[in-house]
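Atoms within each ligand, like the ligands themselves, are counted from 1 in listed order. The residues of the chain are indexed from 1 along the displayed sequence. Owing to the predicted nature of the structure, the values given are computational and were not obtained by experimental measurement.
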Amino acid sequence: MKLASAVLAFASLLSGVAAHYTFPQLVVGGRGTGAWVNVRQTNNYQSNGPVIDVASQDFRCYNSATRSKATTATVAAGSTIGFQAGQAVSHPGVLNVYMAKAPAGVDVANWDGAGQVWFKVYQISAVTGGGAISWPSNGQATFQFPLPSSLPSGQYLVRVEHIALHSASGFQGAQFYISCAQINVTGGGSGNPGPLVAIPGVYTGREPGIMINIYYPVPTTYVQPGPAVWRG
Ligand SMILES: *[C@@H]1O[C@H](CO)[C@@H](O)[C@H](O)[C@H]1NC(C)=O
Ligand SMILES: [Cu+2]
C-alpha cells in the first residue's frame, strides 16, 4: 500500500515534469533552425520548469545560469518567423511574443534587453462564450507570426512567453515558459513600434489574465496580459 502510493506520487511527479516545455528553436521560412542556435539557452533546458516570479531578472530571458548567447538569424521585415517548442504546449494558457531593438551600435548578442524597450508583436488569447473557455495555444508546438513590413531594420531580441494557467487562482500560481531569440531584420520600414514596456515590469502577477481560476466559475471574459499588439 505504502509502496503503491509512493509509486503513484512519483508517477504524478513525472507527469508534472513531462507537462512542462521549452521554446528552443526559432522558426524561419517555416523551418526550425535548431535547438538553442538562434535562441539563448534557458536555465530550464533540462528541467523544462517555468518561471514563477514576474519581477525576477529571469523573467526576461531566463538565462541567468546559462549566461548563453545565440547566433543571430537574418530575416526580412514582412516575413513570417516563429518559435518551436521542444514538445507541444501542454497546459491551458495564453501566448505572447515581445520584441526589443538593440541600441544603435550594440550587437544584440551582447545586449540584455534592459529598459522600457519591449513591444508586443503577437498573441494567442483565450476564447470565451457559451459558458465555456478554450485555449487555442494549448497542444500546439509551433507558433508563427508575421513581422510587420514597417518594422525598422536592425537587431532585435524576440521573446516568447506561454502563460500556463492550470493552477493560477493564487498569486504566483501562473507558470511562465520563456525564451529569447536574436534576429537581424533587413529591408525594414520606418514604423514606430509600441506601446513600449519593461520586462520585468510589464506585469505585477495580479492581472486578471494571470491570477485567475480558469475552472470555476468558468470565466465569461478573458483579459490578455500586456499591451496591445503592434501591427505596423
Ligand atoms: C544584419 O544585416 C545587415 C544587412 O544585410 C548586415 O549588413 C549586417 O552585417 C547584419 N548583422 C548581423 C549581426 O547579422
Ligand atoms: Cu508544466
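- A ring-centre distance under 6.0 Å is found for H20 and Y177.
- Only the side chain of T186 comes within 4.0 Å of ligand 1, judged by heavy-atom distances.
- Nearest protein heavy-atom neighbour of atom 13 (C) of ligand 1: Q155 NE2, 3.6 Å.
- Looking only at N/O/S atoms, H20 comes nearest to the Cu ion (ligand 2) through ND1.
- Judged purely by distance below 3.5 Å, without hydrogens or angles, the side chains of Q57 and D112 never pair a donor atom with an acceptor atom.
- By the 30° and 60° cut-offs, the orientation of the rings of H91 relative to H166 is parallel.
- Of all protein heavy atoms, the one closest to atom 8 (C) of ligand 1 is N184 ND2, 3.8 Å.
- The backbone N or O of S68 lies less than 3.5 Å from a partner atom in the side chain of N63, making a donor-acceptor pair.
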